[in-house]
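For reference, the structure is listed below as structure tokens.
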Amino acid sequence: LNDSVATIAELVIIGEDNKPISTINWNVLYADSENLPASQTADRLFDNQETVMWQTKTKGSKDPYPHSVVIDLGENVSIKGFRLLPRVDKSKQGMIKDYKVYFQSVPFKL
């Protein structure tokens with residue numbers, strides 16, 4: 001679909017040991033868009049439930065690309081990679097073509 005909606009079911013960050021980093025201390029600091037009436041908030045990115053997703057606003061005036069989410073991991077970790085799981089239902093709405101992911105040890109300026 002050619003729209004400004006973005007959807008991700010799960011974000012997994014991989015540590016140096018090739019294992020997923022625990023999400024227990026993660027906290028969303030910023031999300032430019034969330035589908036609030038449907039409770040599709042940015043914290044759904046790391047809730048370990050692939051059928052529940054983060055989705056940007058779908059009603060009214062949609063927020064344009066690019067979309068941004070800032071997550072505090074709660075501790076400094078060494079990162080080897082990441083995986084993003086797209087929505088797992090049959091809908092194509094919100095499928096994302098390109099990603100840019102940034103990691104840094106000091107807070108992003110919001």
Side-chain angles (χ1 to χ4, degrees):
L1 293 175
N2 187 12
D3 61 26
S4 61
V5 175
T7 304
I8 298 174
E10 285 298 315
L11 165 66
V12 177
I13 297 178
I14 308 300
E16 285 183 313
D17 60 358
N18 290 321
K19 295 180 182 174
I21 293 172
S22 172
T23 61
I24 195 127
N25 294 319
W26 292 17
N27 185 38
V28 175
L29 299 180
Y30 172 79
D32 77 317
S33 185
E34 297 174 306
N35 198 16
L36 295 175
S39 297
Q40 293 169 324
T41 53
D43 59 334
R44 305 296 193 220
L45 285 164
F46 50 89
D47 64 357
N48 295 314
Q49 296 182 48
E50 62 188 41
T51 58
V52 180
M53 61 192 163
W54 162 70
Q55 183 165 273
T56 59
K57 192 172 165 184
T58 60
K59 304 286 185 205
S61 61
K62 296 176 188 167
D63 299 315
Y65 279 112
H67 293 296
S68 301
V69 176
V70 177
I71 300 170
D72 180 352
L73 303 183
E75 62 183 329
N76 285 332
V77 294
S78 294
I79 296 169
K80 188 171 188 178
F82 68 94
R83 291 190 305 250
L84 293 168
L85 178 67
R87 69 186 304 156
V88 295
D89 60 11
K90 303 223 183 259
S91 176
K92 297 286 187 210
Q93 184 180 38
M95 299 300 270
I96 300 171
K97 178 183 171 199
D98 296 307
Y99 297 90
K100 288 185 181 180
V101 178
Y102 301 94
F103 296 99
Q104 64 185 44
S105 58
V106 295
F108 286 94
K109 293 185 187 208
L110 302 176

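What you see is a predicted model, and the numbers here were worked out from it, not measured in a lab.
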> What about Ile79 and Val69, same hydrophobic cluster or not, with Ile/Leu/Val/Met/Phe/Trp/Tyr joined at side-chain heavy-atom distances under 4.5 Å?
Replying inline: yes
> Any donor-acceptor pair under 3.5 Å linking the side chain of Glu34 with the backbone of Leu36?
Replying inline: no
> For Asn48, does its backbone N or O pair with a side-chain atom of Glu10 as donor and acceptor, under 3.5 Å?
Replying inline: yes
> Can you name the nearest heavy-atom pair linking Phe46 to Thr23, along with the distance?
Replying inline: O-OG1, 3.6 Å
>> Ignoring hydrogens, what is the shortest heavy-atom contact between Thr58 and Gln55? Give both atom names and the distance.
In response: CG2-NE2, 3.0 Å
> Out of Leu45, Leu11, Asp72, which one pairs with Trp26 under the side-chain contact (heavy atoms from CB on, under 4.5 Å) rule?
Replying inline: Leu11
>> Tell me the closest heavy-atom pair linking Thr56 and Val5, and the distance in Å.
In response: OG1-CA, 3.2 Å
>> Taking Gln93's backbone N and O only, do any of them form a donor-acceptor pair with Arg87's side chain (distance below 3.5 Å, no angle check)?
In response: yes
> Closest approach of Ser105 and Asn76, non-hydrogen atoms and distance?
Replying inline: CB-OD1, 3.8 Å
> How many angstroms lie between OG in Ser68 and OH in Tyr102, if you round to the nearest 0.5 Å?
Replying inline: 9.0 Å
> How many angstroms lie between atom CG of Leu84 and atom CD1 of Ile13, to the nearest 0.5 angstrom?
Replying inline: 9.0 Å
>> For a quick check under 3.5 Å, do Asp43 and Thr41 share a side-chain donor-acceptor pair by atom type?
In response: yes
>> Is a donor from one side chain sitting under 3.5 angstrom from an acceptor on the other, for Gln49 and Arg44?
In response: no
>> Restricting to non-hydrogen atoms, name the atom on Lys57 and the atom on Ser33 that form the minimum distance, rounded to 0.1 Å.
In response: N-OG, 2.9 Å
>> Give me the atom names and distance for the closest heavy-atom approach of Ala9 to Pro86.
In response: CB-O, 3.4 Å
